[in-house]
Amino acid sequence: MSYEGTTVPRRDSPAGECDYCGHPFPTTDRLVLHKGLEHPQELDDDEEDAFLSVRADEEDELRTLRLKALGALVLLYFGFLMLYAIVA
């Protein structure tokens, strides 16, 4: 995976740098996810536990985002349906 063009903004200091490839990351969670996805064979037990924990949190956040998006689409659909029923 290439990281050319991806940098941490100047106003933000990187939360960490990958020990294996040297790429900087703006948050510790992103660093942990990177290590788990790109360098899984180099992880020790603590790093692997941290990766699994962060990945579970990320999956929970994505599930919540998907449910909110679905709810918004349902409301939008029924809103247009009611508007059509009133206008037509």
Side-chain angles (χ1 to χ4, degrees):
M1 177 178 275
S2 174
Y3 294 106
E4 294 177 19
T6 57
T7 59
V8 177
R10 289 180 191 249
R11 66 183 183 280
D12 297 336
S13 61
E17 193 172 281
C18 181
D19 300 331
Y20 310 110
C21 64
H23 184 71
F25 289 89
T27 65
T28 309
D29 287 348
R30 286 191 182 179
L31 175 61
V32 170
L33 286 170
H34 164 78
K35 285 182 180 180
L37 294 172
E38 297 298 323
H39 313 287
Q41 58 276 26
E42 285 95 2
L43 297 180
D44 61 18
D45 290 339
D46 291 336
E47 288 176 324
E48 189 172 342
D49 290 342
F51 168 69
L52 293 174
S53 173
V54 170
R55 188 176 69 176
D57 292 343
E58 180 104 356
E59 287 173 355
D60 289 343
E61 289 176 21
L62 281 172
R63 187 174 298 115
T64 301
L65 176 66
R66 288 179 185 136
L67 286 173
K68 287 180 181 180
L70 178 63
L73 285 173
V74 168
L75 286 174
L76 186 66
Y77 173 78
F78 282 108
F80 280 129
L81 184 64
M82 291 298 129
L83 182 64
Y84 177 75
I86 292 170
V87 173

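All figures in this text were calculated on a predicted structure; none of them were measured in a lab.
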To the nearest 0.5 Å, what is the distance between CD on Q41 and NE2 on H39? 8.5 Å
For the residue pair C18 and F25, what are the closest heavy atoms and their distance? CB-CE1, 4.3 Å
Given V32 and E47, is the side-chain contact (heavy atoms from CB on, under 4.5 Å) satisfied, shown in steps? CA-CA 7 Å; V32 170; E47 288 176 324; over 6 Å; no
In the single-linkage hydrophobic clustering (I, L, V, M, F, W, Y; side-chain heavy atoms under 4.5 Å), do F78 and L70 co-cluster? yes
Does D60 offer a backbone N or O that forms a donor-acceptor pair with the side chain of T64 under 3.5 Å? yes
Is there a path of hydrophobic side-chain contacts, each under 4.5 Å between heavy atoms of I/L/V/M/F/W/Y residues, joining L76 to V87? yes
What closest approach, in Å, do R30 and P26 show between heavy atoms, and which atom pair accounts for it? NH1-CG, 3.6 Å
Euclidean distance, L81 CG relative to I86 CD1, rounded to 0.5 Å: 10.0 Å
Do L52 and L43 share a hydrophobic cluster (ILVMFWY, side-chain heavy atoms under 4.5 Å, transitive)? no
When you look at D44 and E48, which way does the side-chain contact (heavy atoms from CB on, under 4.5 Å) test go after all the steps? CA-CA 6 Å; D44 61 18; E48 189 172 342; over 6 Å; no
CD (E42) and CG (D19) are apart, to the nearest 0.5 Å, by 10.5 Å
Tell me if the CG atom of D45 is crowded by more than 12 foreign heavy atoms within 6.0 Å. no
Separation between CG of L33 and CD of E58, rounded to the nearest 0.5 Å: 5.5 Å
Check whether any side-chain N or O of Y20 sits under 3.5 Å from a backbone N or O of K35 as a donor-acceptor pair, and report yes or no. no
